[in-house]
Structures are given as C-alpha cells and as structure tokens.
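Here is the structure we will look at.
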Amino acid sequence: MLRLMRAPNLVIGQHWVNVLAVAGIRCELHNCYLNGALGEIPADQCAPELWLMDERDEMIALRLIDAAKRGPSPDAPPWRCRQCGETLEAQFTVCWQCGTARDPLDG
Ligand SMILES: [Zn+2]
C-alpha cells in the first residue's frame, strides 16, 4: 500500500479512483468516513487520501491523475488513442479500450 496523494475533496477523489480503475490500477480512498460530518467541520479537514494497492503503479497513477486534473476544455475535439487507435470523446482522459492516458500532444 502506498499513499499517493490527498484529494481536494471527495468528488475529485472519487473521480481519480474511477480514472485509475479504468486503467486497471487498484486503489482506495481513505478518510472518507469524515464525509458524514461534512458541514460541521472545515472541508479541508476531511480531504480523502488516495492509496494505491500496489506501489509499483505509482508512476502511471500520477500520470493519469495529472491528466485528469488538467481535463479537457469544454469544446475540445475527440482524440485518438496513440496506443490502440480508438477515437475518444474529449471528456475521457484515459482510453476506455486499453487504459492509456491521453497524451497532451495528441490531437
Ligand atoms: Zn487505447
């Protein structure tokens, strides 16, 4: 187990988990239990932590999350996966077919 990073909030944390899960990376959000107290304590004190089940996934996980953070612009055109050639809508930061993260240089 490896603590990868802290998510700014539960929604984003869960989004990152989804991104990693699509890529076949096993991970968990910890600290979520504090979410039940949201509204009573400052939000920044219940930031969830993203943990990797396998620390060997660290580099690819960081890449995927970095891509997810940047996200596409709303009117971004579809892009083509450089790994398998699949065409993907702009809102996907990871190829659903093969799990390859979008390369910023891809059209
Ligand atoms: Zn692909």
Side-chain angles (χ1 to χ4, degrees):
M1 294 281 288
L2 172 76
R3 192 180 78 165
L4 190 64
M5 62 174 65
R6 186 172 281 247
N9 61 55
L10 190 61
V11 172
I12 291 176
Q14 189 60 53
H15 174 57
W16 292 350
V17 167
N18 291 341
V19 167
L20 296 184
V22 166
I25 296 173
R26 293 189 306 137
C27 56
E28 289 179 353
L29 275 184
H30 289 193
N31 242 11
C32 294
Y33 60 91
L34 286 174
N35 194 47
L38 206 62
E40 297 173 23
I41 57 176
D44 62 359
Q45 286 184 22
C46 51
E49 293 173 346
L50 187 60
W51 285 73
L52 291 182
M53 308 304 284
D54 187 338
E55 60 189 49
R56 289 170 298 182
D57 290 332
E58 182 180 7
M59 293 312 296
I60 182 68
L62 288 173
R63 274 200 62 194
L64 291 169
I65 290 172
D66 189 51
K69 278 181 184 171
R70 277 182 272 123
S73 59
D75 58 348
W79 56 284
R80 183 176 287 267
C81 175
R82 67 190 143 81
Q83 190 67 35
C84 71
E86 184 70 29
T87 300
L88 296 128
E89 296 298 322
Q91 68 264 30
F92 295 107
T93 53
V94 174
C95 174
W96 57 263
Q97 178 108 309
C98 69
T100 300
R102 180 180 186 178
D103 192 301
L105 299 177
D106 285 351

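Bear in mind the structure is a predicted one, so any value in this text is a computation, not a measurement. Atoms within a ligand are numbered from 1 in the order they appear, just like the ligands themselves.
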Legend entry - the Zn ion (ligand 1) neighbourhood, protein N/O/S only, threshold under 2.8 Å: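 Sorted hits: Cys81 SG, Cys84 SG, Cys95 SG, Cys98 SG.
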Legend entry - Under 3.5 Å donor-acceptor, Arg102 side chain and Thr93 backbone: no
Legend entry - Gap separating the SG atom of Cys81 from the CZ atom of Phe92, nearest 0.5 angstrom: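 So the gap between those two atoms works out to 13.0 Å.
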Legend entry - Nearest-0.5 Å distance, CH2 of residue Trp79 to CD of residue Glu86: 9.5 Å
Inset, instruction - Flag the pair Met5 / Leu62 as yes when at least one side-chain heavy-atom distance between them is below 4.5 Å, and no otherwise. - result: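 SC-SC contact between Met5 and Leu62 confirmed.
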Inset, instruction - Decide yes or no for Arg80 and Leu88: does some side-chain heavy atom of the first lie under 4.5 Å from some side-chain heavy atom of the second? - result: no
Inset, instruction - State, to 0.1 Å, how close Pro8 and Trp16 come at their nearest heavy-atom pair, and which atoms those are. - result: CD-CH2, 3.7 Å
